[in-house]
Amino acid sequence: MERVLITICGRAGSKGFKNKNLKIFDGLPLSHYSLAAAQLFMRQNPELHVDVCLNTDSELLVDAVTSKYPEVTVVHRPEELCGDVVPKMRVFQHSLCEMEKKNGCEYAYLIDLDITSPLRRAGDVTGAYETAKAHPEWDLVFSVCPARRTPYMNMAKLVDGHAERVIEHHFTARQQTPPVFDLNASIYVFTRRFLKENQTGFLWDGVCGMYQMFDTGIIDIDSEEDYRLMEAIAHHLYRTDPAFGAVQRAVRR
């Protein structure tokens with residue numbers, strides 16, 4: 001039986017939006033939407049052995065999660081992994097190491113479900129996992145949405161006080177540009193091999209694949225404005241789209 005580790009990660013400090021991992025989102029704790037998505041994944045894939053862990057340094061987040069999901073294993077994040085510029089892959093690697101040590105096993109894949117990107121359809125986690133399984137030559141799969149703006153035509157950078165193209169090109173129409181995608185941070189599927197071998201914490205050192213999601217999921221919560229906008233979108237989707245509504249209904253009351 002293949003073993004899969006699902007991680008839910010959140011630290012206590014957040015300079016952009018204080019205590020964002022503890023917010024109530026459309027009437028329910030924000031972290032519970034990722035946990036509900038994990039539960040749906042397990043129901044959809046009964047042939048897998050799935051463990052779920054919470055990697056955090058926040059006792060408030062531990063209480064919020066384990067009070068409703070006592071089966072979740074808590075992995076206490078050390079101080080050296082709590083800084084603003086620590087690569088998140090280091091947290092994934094820490095989770096994998098601690099859970100394999102605790103359970104005496106090896107996980108084939110690690111799936112991370114970001115707390116602050118809760119808008120997922122019921123089948124999205126399974127879809128991302130199946131995409132990774134279908135391409136064993138890839139090191140990881142991340143979730144994306146079609147980009148609404150392209151760096152070829154709609155973005156500039158400052159160089160010596162003046163504006164220049166982000167990407168050097170001579171396209172004269174958007175229709176000529178390659179398709180581009182926003183990484184929406186909602187789902188990451190890593191092979192064990194890549195997490196064990198990577199030394200840099202840089203995602204792009206791996207061979208990357210993409211799983212495309214519904215495009216309103218591009219917003220991740222990093223400010224009060226993000227939170228209000230995403231909650232309004234989510235409130236509508238949970239009530240009008242059965243695939244989104246299934247995730248909210250799966251949250252333990």
Side-chain angles (χ1 to χ4, degrees), residues 4-10 20-21 23 25-26 28 30-45 48 50 52 88-89 92 109-135 138-151 154 177-191 194 203-204 206-223 225-251:
V4 173
L5 175 63
I6 293 180
T7 56
I8 312 292
C9 303
K20 63 182 180 181
N21 293 314
K23 294 295 182 183
F25 187 76
D26 198 33
L28 297 166
L30 181 61
S31 60
H32 290 192
Y33 289 91
S34 293
L35 292 158
Q39 296 294 317
L40 286 171
F41 175 79
M42 286 187 268
R43 293 175 200 167
Q44 294 165 0
N45 300 276
L48 299 177
V50 181
V52 182
K88 197 170 182 183
M89 199 192 303
F92 303 150
Y109 291 90
L110 180 149
I111 302 175
D112 182 69
L113 303 180
D114 195 277
I115 293 175
T116 58
S117 298
L119 271 183
R120 305 177 185 92
R121 294 166 297 185
D124 278 333
V125 184
T126 292
Y129 168 75
E130 289 178 346
T131 300
K133 288 284 290 183
H135 294 276
W138 292 350
D139 294 310
L140 67 147
V141 167
F142 43 66
S143 57
V144 302
C145 299
R148 296 177 182 272
R149 300 171 66 81
T150 171
N154 303 119
T177 64
V180 292
F181 300 86
D182 284 315
L183 279 66
N184 67 358
S186 184
I187 305 168
Y188 290 91
V189 183
F190 290 92
T191 64
F194 182 56
L203 292 176
W204 297 103
V207 179
C208 303
M210 300 187 297
Y211 170 74
Q212 189 169 317
M213 291 175 63
F214 189 78
D215 68 354
T216 59
I218 62 170
I219 307 166
D220 59 320
I221 300 171
D222 205 33
S223 69
E225 293 75 17
D226 293 341
Y227 170 78
R228 290 199 299 266
L229 177 57
M230 196 168 187
E231 188 178 44
I233 293 171
H235 182 81
H236 171 73
L237 289 174
Y238 291 145
R239 283 149 185 79
T240 61
D241 187 303
F244 280 103
V247 178
Q248 189 180 58
R249 289 193 299 275
V251 175

Residues that N45 engages under side-chain hydrogen bond (donor to acceptor under 3.5 Å, both in side chains), provided they are two or more places apart | T126

Please round to the nearest 0.5 Å and tell me the distance separating atom CG of L110 and atom CG of L140.
-> 11.0 Å

Distance-only, no hydrogens or angles: does the R120 side chain make a donor-acceptor pair with backbone N or O of A37 under 3.5 Å?
-> no

Could you tell me whether the side chain of H135 reaches within less than 4.5 Å of the side chain of V141, counting heavy atoms only?
-> no

Give the minimum heavy-atom separation between N21 and G10, together with the two atoms involved.
-> ND2-CA, 3.5 Å

Taking atom CG of L5 and atom CD1 of I111, what is their separation to the nearest 0.5 Å?
-> 9.0 Å

Determine, for D215 against R148, whether the closest basic-nitrogen to carboxylate-oxygen distance falls under 4.0 angstrom.
-> yes

Could you tell me which non-hydrogen atom of V189 sits nearest to which non-hydrogen atom of A132, and how far apart they are?
-> CG1-CB, 3.7 Å

Taking atom CG of L113 and atom OG of S34, what is their separation to the nearest 0.5 Å?
-> 5.5 Å

Results of side-chain hydrogen bond (donor to acceptor under 3.5 Å, both in side chains) for D139 - residues two or more places apart only | R193

Applying ring pair (Phe, Tyr, Trp, His ring centres under 6.0 Å) to Y238 and not counting sequence neighbours gives Y33

Please check if the side chain of S117 supplies one atom and the backbone of N184 the other of a donor-acceptor pair under 3.5 Å.
-> yes

For N154, enumerate each residue passing the side-chain hydrogen bond (donor to acceptor under 3.5 Å, both in side chains) test, keeping only those at least two apart in sequence or located in another chain.
-> none

Closest non-hydrogen contact found for M213 with I187 is SD-CD1, 4.0 Å

Side chain to side chain, Y188 and T7, heavy atoms closer than 4.5 Å | no

Under the side-chain hydrogen bond (donor to acceptor under 3.5 Å, both in side chains) test, which residues partner E130, sequence neighbours left out?
-> none

Applying salt bridge (Lys or Arg N to Asp or Glu O under 4.0 Å), name anything that partners K88, two or more places apart in sequence or on another chain.
-> D112, D114

Identify the heavy atoms of T191 and W138 that sit nearest to each other, and give their distance.
-> CG2-O, 3.6 Å

Under a 4.5 Å cut-off applied to non-hydrogen side-chain atoms, are Y227 and F25 in contact?
-> yes

side-chain contact (heavy atoms from CB on, under 4.5 Å) partners for Q212, two or more places apart = V144, P146, F181

F92 and F190 aromatic ring geometry - parallel, tilted or perpendicular at 30°/60° bounds | tilted

Near H236 NE2, under 6.0 Å, is it more than 12 heavy atoms from other residues, nucleotides or ligands?
-> no

Could you grab the distance from atom CG of L28 to atom NZ of K23, nearest 0.5 Å is fine?
-> 15.5 Å

Q44 side chain to V125 main-chain N or O, any donor-acceptor pair under 3.5 Å?
-> no

For H235, ring pair (Phe, Tyr, Trp, His ring centres under 6.0 Å) partners two or more places apart = none

Not counting sequence neighbours, which residues clear side-chain contact (heavy atoms from CB on, under 4.5 Å) with L229? List them please.
-> I219, I233

Listed partners of R249 passing side-chain contact (heavy atoms from CB on, under 4.5 Å), at least two apart | A246

Quick one: CD1 on I6 to CD on Q39, what's the gap to the nearest 0.5 Å?
-> 8.5 Å

Apply side-chain contact (heavy atoms from CB on, under 4.5 Å) to A36 and list each qualifying residue two or more places apart in sequence or on a separate chain.
-> Y69, V247, A250, V251

For R149, check salt bridge (Lys or Arg N to Asp or Glu O under 4.0 Å) against everything at least two apart and list the hits.
-> none

Is the shortest heavy-atom distance from the side chain of F214 to the side chain of D124 under 4.5 Å?
-> no

Gap separating the CD1 atom of I8 from the OG atom of S31, nearest 0.5 angstrom = 8.5 Å

Could you check if a side-chain atom of T116 sits within less than 4.5 angstrom of a side-chain atom of D226, using non-hydrogen atoms only?
-> no

